[in-house]
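One structure is given here, and the rest of the page talks about it.
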Amino acid sequence: MSRNAEVAALLEEMADRLEALDVDYKPRAYRQAAENVRGHTVAVETLAAEGQDAVEEIDRVGEAIAAKIVEYVETGSIAELEELREQLPVDIEALTRVEGVGPKTVADLYEALGVQDLDDLEAAAEAGEIQEVKGFGAKTEQNILDNIAFARESHERQLLGDAQPLAERVMDHLRASDAVERVETAGSLRRWRPTVGDVDVLVATDDRQAVVDRFVEFDAETIEAGTSKASLRANGIRVDLRVVVPDEWGSALLYFTGSKDHNIVLRNRAIERELKVNEYGVFDVSGVDDPDSGQRVGERVAGETEAAMYAALELPYIAPEMREDRGEVAAAAAGELPDLIDETDVRGDLHLHTEWSDGDDSVAEMVAGAEEFGHDYIAISDHATGPGMVGGVGVDDDALLEQAEEVRAVAADADVRVFTGVEANIAPDGSVSVADDVLAELDCVVASPHASLDGDGTDRLVAACEHPEVNVLGHPTGRLLNQRPGLDFDVEAVAEAAAANDTALEINANPHRLDLSGSYVKRAIEAGATLAIDTDAHTPASYGFVRFGVHTARRGWAEPADVLTTREADDVAAFLGL
DNA sequence: GCCGTTTTCGGCCCGACTGTTTTCAGTCG
């Protein structure tokens, strides 16, 4: 959201360039700052407008980096970055995207051959010039050639919705081997981040080689294969396998699930207790002179399960979705972890479409699909006409009333309760694109922003929440992952307006949206808002997207009571004012 | 460059894999 991703990319470029120049420690500092800027829920331009001190409130952003962020917001560039670009005039972002090519390699090849971009790199490799450079050889040159094409096309993180099914297929493939005792995803995929850099899979086995051998038989290109780890590329997604002995399953799963920041908090907690935690277990190092003298120093006190790892640190189990260093370890230590919502808690869906607007199926088919899925209730909420609706997609006011009659007729014979409804558009001024008397006829009014999705949307969204007929604020930012950042807004102000007016804030479970995000969900709940997990389904097969919404809610520490769509139909009807 | 119940200086995670090397550097996660 906002320009945070843009600033984060610049800080990462600073890190790469400093690393190419062999500068110590600063690259790490810039990378950590970049990560936190990217994940920060307040827009950097908002913070910069308040002053440098406000920018420094971002974790791992100190005086120097904050000054550069302010400089960038005010002038559009960072002088020091420009100097670094002059010093090493290469497209370092593109070049380091090539698997196996890092900042040092970029510097070496520029120095020796004047390589500045992917075209230069490819030409040098094809001409056989790279293997002549000191420190390089024929194999490195061939690897570069093999990986350039992939680097040209893939520059984005993968959608969770694409990576998750691939992970399931890989795990099924592995389970067919007798050598596999346990298999699980790890990394950001297991934490259900909306996008992931790769797919991480962990296996427990007594026969590591057999598992690696089975893994590389998966229909994909092998990147590397050793005795305890291997990597593939399938459907353009990198899949990393880690293989461990069963005794180290819990410690390895915890370590490789991350996040890195969560693990650092755990490690520091361990040190306070004269314990050492790593991917091999928890070790009591109270009687050890040098705890850093090896991987398995001291008496091993845990490692076989994640729960035992946490228990050794005097903590209850913390769900993967919460492991983002947002205070979860402190909450666990205080016995204040939320009782998280899970997939079985959801009873209905208040945002879906039919062929009346841009859906694929009829009202009757969507209702039948909901029955089959096991929902207790749904709302038919087709697009209304208005800003953002192109090609005559939206349903006008008269047709909405006609459709409501059809919905009531279908509902009469259905096993699920069916609410009439609409997805109205929120104009930039906060007004809603359907007449009030028509909205009053409908059971469930979802209002969503679809156009003019830049800048600050706080007033616009607050106005929609305050509209007496609006029940759900649909995909509040309007973001599309990897496509557009969506509206920036003051989440506390919108959440408070929502709470005061009995409007639910949606967690749109469509894998392209996941909007609100987990960090916004957490702050919305803290501000007193009620959430609604909806799929925005355009066909019955998409009811299954609800799991992405549930795990996003878990990333925001949501309990069942925080979510409208966990309630029984009568209670939802009451919330809708029926 | 950042950070601090070891606090204004001194430390910053580290192991696996690959390819180039005869003991290590770079990359990656």
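Chain letters run A, B, ... following the sequence lines, proteins first, then strands; residues in each count from 1.
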- request: In whole angstrom, give me the gap between the C1' atoms of dA16(B) and dC2(B).
  value: 29 Å

Y520(A) and F489(A) aromatic ring geometry - parallel, tilted or perpendicular at 30°/60° bounds: perpendicular

message: Does a side-chain N or O of T140(A) approach OP1 or OP2 of dT18(B) to a distance below 4.0 Å, or not?
response: no

- request: Describe the nucleic acid contact of F256(A) in one word from base, sugar-phosphate, nothing, applying a heavy-atom distance below 4.0 Å.
  value: nothing

query: How would you label the contact of A225(A) with the nucleic acid (heavy atoms, under 4.0 Å): base, sugar-phosphate, or nothing?
result: sugar-phosphate

query: Does a side-chain N or O from S228(A) land closer than 4.0 Å to OP1 or OP2 of dG15(B), or not?
result: no

- prompt: Contact class for V98(A) vs. all strands (heavy atom < 4.0 Å): base, sugar-phosphate, or nothing?
  reply: sugar-phosphate

message: Under 4.0 Å, counting only non-hydrogen atoms across every strand here, what does D240(A) touch: a base, just sugar-phosphate, or nothing?
response: sugar-phosphate

Sole candidate of V180(A), D207(A), L202(A), V211(A) that passes side chain to side chain contact (heavy atoms under 4.5 Å, CB included) when paired with V243(A): V211(A)

message: Side chain of R60(A) only, heavy atoms from C-beta on: which candidate in dT27(B), dG1(B), dC3(B) is closest?
response: dC3(B)

task: Using atom CG of L241(A) as one end and atom P of dG15(B) as the other, report the distance to the nearest whole Å.
output: 20 Å

message: Mind checking if P103(A) touches a base, just sugar-phosphate, or nothing, with heavy atoms under 4.0 Å?
response: sugar-phosphate

- request: Counting heavy atoms from C-beta on, name the nucleotide in dG1(B), dC13(B), dG26(B) closest to the side chain of I65(A).
  value: dG1(B)

query: If you check the E224(A) side chain, which of dC3(B), dT18(B), dC28(B) turns out closest?
result: dT18(B)

- request: Report which part of the nucleic acid E63(A) touches: base, sugar-phosphate, or nothing (heavy-atom distance under 4.0 Å, all strands).
  value: sugar-phosphate

query: What is the distance, rounded to the nearest whole Å, between atom NZ of K229(A) and atom P of dT27(B)?
result: 15 Å

query: Just to confirm, is there a sub-4.0 Å distance from OP1 or OP2 of dC12(B) to any side-chain nitrogen or oxygen of Y25(A)?
result: no

query: Just to confirm, is there a sub-4.0 Å distance from OP1 or OP2 of dG19(B) to any side-chain nitrogen or oxygen of N143(A)?
result: yes

- prompt: When we call it a touch if two heavy atoms are under 4.0 Å apart, what does K26(A) touch: a base, just sugar-phosphate, or nothing?
  reply: base

- prompt: Expressed in angstrom and rounded to an integer, what is the separation of Q142(A) atom CD from dT20(B) atom C1'?
  reply: 16 Å

query: On a whole-Å scale, what distance lies between the C1' atoms belonging to dT8(B) and dG1(B)?
result: 14 Å

Phosphate OP1/OP2 of dC13(B) contacted by Y280(A) side-chain N/O (<4.0 Å): no

- prompt: If you look at every strand shown and take non-hydrogen atoms under 4.0 Å, does A138(A) touch a base, only sugar-phosphate, or nothing?
  reply: sugar-phosphate

Side chain of A64(A) - closest among dG29(B), dG1(B), dT27(B): dG1(B)

message: Taking the C1' atom in each of dG19(B) and dC9(B), what is the distance between them to the nearest angstrom?
response: 39 Å

query: When we call it a touch if two heavy atoms are under 4.0 Å apart, what does K134(A) touch: a base, just sugar-phosphate, or nothing?
result: nothing

- request: Answer yes or no: does a side-chain N or O of R28(A) lie under 4.0 Å from OP1 or OP2 of dC13(B)?
  value: yes

message: Given dC28(B), dG1(B), dT20(B), identify the nucleotide with an atom nearest to the side chain of E99(A).
response: dC28(B)

query: Can you find a side chain N or O atom of R238(A) that sits less than 4.0 Å from OP1 or OP2 on dC28(B)?
result: no

field: Interatomic distance where CZ belongs to R233(A) and C1' belongs to dC28(B) [whole Å]
entry: 13 Å

query: What is the nucleic acid contact for S231(A), judged by heavy atoms within less than 4.0 Å: base, sugar-phosphate only, or nothing?
result: nothing

query: Which one, dC13(B), dG19(B), dG1(B), comes nearest to the side chain of K260(A)?
result: dC13(B)

